[in-house]
Protein chains: 2
Amino acid sequence: MNLKELAELLGLSQTTVSRALNGFPEVSEKTRERVQRAAKKNNYAPNTAARGLATGRAFMIGHVISTSNQNETVNPVFGDFVAGVGEIYSANGYKMMLSVVPPHEDEYQVYRDLNAQSIVDAVVVHSPCIDEGRIPFLSELGLPFIVHGRASECEIPYAWLDVNNRSAFLRATDFLHDLGHRRIALLNGLEHMDFAHRRREGYESSLVSHGLKVDNELISSHEMTESYGFERTSELLRSESPPTAILAASIVVAFGARRAVQAAGKVVGKDVSIVTHDDCLSYLRNNDPVPIFTATKSSVREAGRRLAAMLLQVIENPDMEPPQELLEVELTIGQSTGPAPVG
Amino acid sequence: MNLKELAELLGLSQTTVSRALNGFPEVSEKTRERVQRAAKKNNYAPNTAARGLATGRAFMIGHVISTSNQNETVNPVFGDFVAGVGEIYSANGYKMMLSVVPPHEDEYQVYRDLNAQSIVDAVVVHSPCIDEGRIPFLSELGLPFIVHGRASECEIPYAWLDVNNRSAFLRATDFLHDLGHRRIALLNGLEHMDFAHRRREGYESSLVSHGLKVDNELISSHEMTESYGFERTSELLRSESPPTAILAASIVVAFGARRAVQAAGKVVGKDVSIVTHDDCLSYLRNNDPVPIFTATKSSVREAGRRLAAMLLQVIENPDMEPPQELLEVELTIGQSTGPAPVG
DNA sequence: ACGATTTTTCAAAGCGCTTTGGTTAGCCCA
DNA sequence: TGGGCTAACCAAAGCGCTTTGAAAAATCGT
């Protein structure tokens, strides 16, 4: 069923039917209702391609995800983030397109094509690194976008939504310090990623403010996998002066750390404390009455919702100041931390 | 830059330029090259909406994901699966659309709209349950589709790609039996899901074939979260005749189970054996020389690649017999299993 | 060299919608 | 009763592409 057929069926012109369905004022309420009823009954929905061609808008947001990192790892956060944005998109009549950039292919070309084909109204930039080339590139291209995260070394203004990673890890380190810990290890994510960079800043800044010095032996940076958590923690525990506390980049890494602590015959929260960042993934809930892990919490799904809402604003109102929002984390105390062991 | 402008630039008609770019034979190689060069140079790419309108094809595959389960959990497998299909899609000029069905909304209406708006050429059905209503519905609707998994109680023919879950859990149970285990617990996924149903069949069938009887006390069914693994295992270990082995539905569940075993002061692989299914998620690798977990392995990313290829066949060739493919798992021995403790 | 083919190019229609710039119908007031 | 409004509707153009059916150009055989 297309517009023409529906119009004929109703004995109205295409114009009127179109206007009725799109909520224009110059159509009587009586006709509008009649049209809407007929549309629903005949399962009419406007052809997207035709509408897109006529309006120049695609009502589609692009998400470009690259798996071209060393291990082609998919960010475990992805599913929940997408669920968050998707909720807002569909509530506002937008659809979401996913482009997977195959390894060794040019991500920039993907954006160029998306733009030339005018298949999306805007894109979301994922996992920005410190000097993120995509930001100036997209600005130049004129394709509206918003960044999930930030790029420390980017000067031009752009829309973003980020978690306050610096403050999160600063507070977490402060907390461990307050418990008496003096050797605190950081199991960071890949440090060319902006979020990891900022977390390290927070961590170091806390140490310095307490008169401790930064010991590079205690710091590592890697993709956030379970085995990274395990291997690295095992290594740390074997060293001559092992840490009494560990700051993990994600719950998955913390799982690995915990496994290593237990494998070494030690007790988490007593011999070794663990604090982790928690994205509140739906299948890795850490919200028992007393959570497993002491954590800096920030729901990535909620972040997706906020970010989507901001992006829709940008689309509807292209000349606005780019919106920016910084989400603070919650520091929740769980079973994985305790006072530093004496001696 | 649109086709008309490019044609004028080249002093050719739109027809010729279009044909040149789309690989039609009735255009000389010389012209074709000239056109392609100009297109690349001017960053021309055909407008998707216009092309879609003209051809009636969208070159887009829809993935509808529902988060309307009790906890709005996102399947952790999703990211890797999408990475797999996305690879094949983009290699073949297809795009992927994601529709998130908000909780309490009608998933069927989403499919109806997708179809009416002719915004996708086909859809992928995720997480089928035993009697999956979406299969007859989509057949009826005439929207091409493929199912990731199967529906045991569905009679009509349809395209699917599935893992042999029955054989996987049968083999895993056999393996534990061979090690001397007689009380084997099953921490299954939600059993209205087809995959979980089949796994239980495999488990029970192995028990029966060894003359053991099925003890419902040892069987549970739940969303596959870490805390499920922990809580349920703790409960089992506290019971009067605890299991000596556990069959877990996923690595995340196995993590929880391991935590419970350790919390009970027991040793995994000695006091309690654990076998899990492993989807080979990129951030939960279980492929050390001797893997952490003994597991039935099947890469969900590779499954995505296969499934995408099959779906594209269906699209290009609508009248073909629906393709169906059953993937066998690998049973790999890791550190989490050992002979049943004596006494 | 000239009609018959084959190769290469083209003009124009059509895909299904939105939107511009009307026209017609209905109403009010003098 | 008729001129001036407003309210309600409509015909047709146009979005940028593909594709049909025809024309022009090049090639061929005799």
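Quick note on labels: first sequence line is chain A, next is B, and so on, each numbered from 1.
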Per-pair distances, 0.1 Å, donor-acceptor, side chain in residues 53-62 of chain A, under 3.5 Å, sequence neighbours excluded:
from	atom 1	to	atom 2	distance (Å)
A/Thr55	OG1	A/Arg51	O	2.8
A/Thr55	OG1	A/Arg57	N	3.1
A/Thr55	OG1	A/Arg57	O	3.4
A/Arg57	NH1	A/Asp121	OD1	3.3
A/Arg57	NH1	A/Asp121	OD2	2.7
A/Arg57	NH2	A/Tyr94	OH	2.7

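- The side-chain hydrogen bond (donor to acceptor under 3.5 Å, both in side chains) test applied to A/Asp194 returns A/Ser152, A/Arg198, not counting sequence neighbours.
- Look at CD on A/Gln117: it is 13 Å from C1' on D/dG16, rounded to the nearest Å.
- Scanning all heavy atoms of the two residues, the minimum distance from A/Glu325 to A/Leu327 falls at OE2-CD2, 3.6 Å.
- Fit an axis to the five pairs at each end of the helix from C/dA1-D/dT30 to C/dA30-D/dT1 and the two axes sit 50° apart, to the nearest 10 degrees.
- Atom NZ of B/Lys4 is separated from atom P of C/dA12 by 13 Å (rounded to the nearest Å).
- With rounding to the nearest 0.5 Å, the separation of CZ in A/Arg305 from CE in A/Met310 is 15.5 Å.
- The side chain of B/Ser18 lies closest to D/dT18 when the candidates are C/dT18, D/dT18, C/dT19.
- From A/His104, atom NE2 reaches atom CG of A/Asp106 across 13.5 Å, with rounding to the nearest 0.5 Å.
- Ring geometry for B/Phe145 against B/Tyr158 counts as parallel: the plane angle stays under 30°, on a 0 to 90° scale with 60° as the upper cut.
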Give me the distances for all protein-to-nucleotides 6-10 of chain D N/O pairs that come in under 3.5 Å?
from	atom 1	to	atom 2	distance (Å)
D/dC9	OP1	A/Thr31	OG1	3.1
D/dC9	OP2	A/Ser28	N	3.3
D/dC9	OP2	A/Thr31	OG1	3.1
D/dC10	OP2	A/Ser13	N	2.7
D/dC10	OP2	A/Ser13	OG	3.2
D/dC10	OP2	A/Thr16	OG1	3.0

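- The distance from the CD1 atom of B/Ile315 to the CE atom of B/Met320 is 11.5 Å, given to the nearest 0.5 Å.
- Contact check of residues 37-53 of chain B against DNA chain C (heavy atom, cut-off under 4.0 Å) returns B/Leu53.
- Partners of B/Glu155 under the salt bridge (charged side-chain N to carboxylate O under 4.0 Å, His left out) rule, at least two apart in sequence or in another chain, do not exist in this structure.
- Among residues two or more places apart in sequence or in another chain, the ring pair (Phe, Tyr, Trp, His ring centres under 6.0 Å) test is passed with B/Phe81 by B/His126, B/His148.
- Taking atom CG of residue B/Leu10 and atom C1' of nucleotide C/dT8, one finds them 15 Å apart after rounding to whole Å.
- The CD1-C1' distance, from A/Ile119 to D/dC17, rounds to 14 Å in whole Å.
- We find that CD of A/Glu5 is positioned 8 Å from P of C/dG16, with the value rounded to whole Å.
- Applying the ring pair (Phe, Tyr, Trp, His ring centres under 6.0 Å) criterion to B/Tyr44, with sequence neighbours excluded, gives no partner residue.
- Distance CE (A/Met1) to C1' (C/dC17): 15 Å, rounded to an integer number of Å.
- Counting only heavy atoms from C-beta outward, the side chains of A/Tyr111 and A/Val64 approach each other to under 4.5 Å.
- Residue pairs satisfying the salt bridge (Lys or Arg N to Asp or Glu O under 4.0 Å) criterion with at least one member in residues 126-145 of chain A, sequence neighbours excluded, are listed as follows: A/Glu107-A/Arg134, A/Glu132-A/Arg134.
- Regarding A/Leu9, its CG atom lies at a distance of 17 Å from the C1' atom of C/dG16, rounded to whole Å.
- For B/Ser299, the side chain to side chain contact (heavy atoms under 4.5 Å, CB included) test picks out B/Cys280, B/Arg301, B/Glu302, with sequence neighbours left out.
- The ring-ring contact (aromatic ring centres under 6.0 Å, His included) analysis of residues 2-36 of chain A, with sequence neighbours excluded, yields no pairs.
- Of the residues in residues 89-97 of chain B, none lies under 4.0 Å from DNA chain D by heavy-atom distance.
- For the pair B/Leu3 CG and C/dG14 P, the computed distance is 19 Å after rounding to whole Å.
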